[in-house]
2 protein chains.
Amino acid sequence: MKYIEKLRNSGLRPTKQRLQICEVLFDTEKTFHFTINDLANKIKKQLNNKISLATVYNTVHAFEKKGYLKQIPINSNQTYFDTNVSDHHHFYDLKDEKLIDLETSEVGPIKILKQIDGKKIKSVEVLVKLED
Amino acid sequence: MKYIEKLRNSGLRPTKQRLQICEVLFDTEKTFHFTINDLANKIKKQLNNKISLATVYNTVHAFEKKGYLKQIPINSNQTYFDTNVSDHHHFYDLKDEKLIDLETSEVGPIKILKQIDGKKIKSVEVLVKLED
DNA sequence: TTCTAGTTTATAACGATTCTAAAAAAGTGT
DNA sequence: ACACTTTTTTAGAATCGTTATAAACTAGAA
């Protein structure tokens, strides 16, 4: 299994559940956006196998901490995650409540002209809200 | 009262509670960020007067719909609002969990080079995460 | 004053997320 | 393979922000 190493290297035991979640998250052509609920359903369908919700939460947070997932800053009752962990931005379609990737190359360079004492910039994320 | 007109003009009845919330939100030198809970506490302290939580929620949402408040897109267990409704951006201090305004003039012009069919851009918001 | 629609209220309901404590599995050494 | 320790999984309970409910109240109009 190709994920065993990956997990071990980041100090996570390669358990059956984590490996299965890796499959669902990373064995795809394209990256995608999801909520915990989306993911739990996907697991059930795709693997015909239920993983406890608590485990899904734990795993997603563990993966996020290790940098294998990113949280998408957006106001919703549910938290959105992204399997695309490269620096990039998002459109948010307000009507359909859908997220669409917006690559950094598709946004001109962003200059932050204000500094905050004792702090450094960790990330710059753009959210473009769309309407009809 | 200066807010009676404002509320009437937007089709909201100028009730005692709404006027009081207006005072707390808009009778300030500077704009500020808040959660519903922050606001409820501020009302209790500042006006020595309790307004039902449900009313605070209703009012904040009504004001947001009318454009007197803005939601700030950020991942937190609570929803953040801003009394600064001009186009602007935010720093988010990850450690202190604090928001800081970042004016559009302090960010170079942002060019969105990707278009989504049948949709137009409603807003462009930048979130700059800060670490030590 | 009376009527009606809009508003407030306390409380219940809801739903996403986190906590808990026990069972299971993984890793380590023998 | 076995015993032992630590991590992980699990179901269910608990938490907490937010929304719904239904009754009491209020603003505005006739």
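Keep in mind that this is a model prediction, so the values were computed, not measured. Throughout, a chain's letter reflects where its sequence line sits, starting with A, and its residues are numbered from 1.
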- Is any side-chain N or O of A/Gln17 closer than 4.0 Å to OP1 or OP2 of C/dA24? no
Would you call A/Asp132-B/Lys120 a salt bridge at under 4.0 Å N-O?
no
| message | Could you check whether A/Lys2 makes a cation-pi contact with A/Phe26, meaning its NZ or CZ is under 6.0 Å from the centre of the six-membered ring and within 45° of the ring axis? | response | no
| task | Ignoring backbone atoms, test whether A/His61 places a side-chain nitrogen or oxygen under 4.0 Å from the OP1 or OP2 oxygen of C/dT17. | result | no
Within residues 39-59 of chain A, those residues having any heavy atom closer than 4.0 Å to DNA chain C are A/Ala54, A/Tyr57
Taken in chain and number order and not counting sequence neighbours, the residues that satisfy ring-ring contact (aromatic ring centres under 6.0 Å, His included) with B/Phe32 are B/Phe34
Quiz item: What is the nucleic acid contact for B/Thr79, judged by heavy atoms within less than 4.0 Å: base, sugar-phosphate only, or nothing?
Solution: sugar-phosphate
Taking atom CG of A/Asp87 as the centre, report whether more than 12 heavy atoms of other residues, nucleotides or ligands fall under 6.0 Å from it.
no
note: A/Asn77, atom CG; D/dT19, atom P; distance rounded to Å ~ 8 Å
Taking only side-chain N and O atoms of B/Thr15, does any of them lie within less than 4.0 angstrom of OP1 or OP2 on C/dG6? no
Report yes if a side-chain nitrogen or oxygen of A/Arg8 is closer than 4.0 Å to either non-bridging phosphate oxygen (OP1 or OP2) of C/dG27; otherwise report no.
yes
Sequence neighbours excluded, the answer for side chain to side chain donor-acceptor pair (under 3.5 Å) partners of B/Tyr68 is B/Ser10
Sorted by position of nearest nucleotide on DNA chain D, 5' first, the leading residue of B/Ile36 and A/Arg13 is A/Arg13
Practice prompt. For the residue pair A/His90 and A/His88, categorise the inter-ring angle as parallel (less than 30°), tilted (30 to 60°) or perpendicular (more than 60°).
Written response: perpendicular
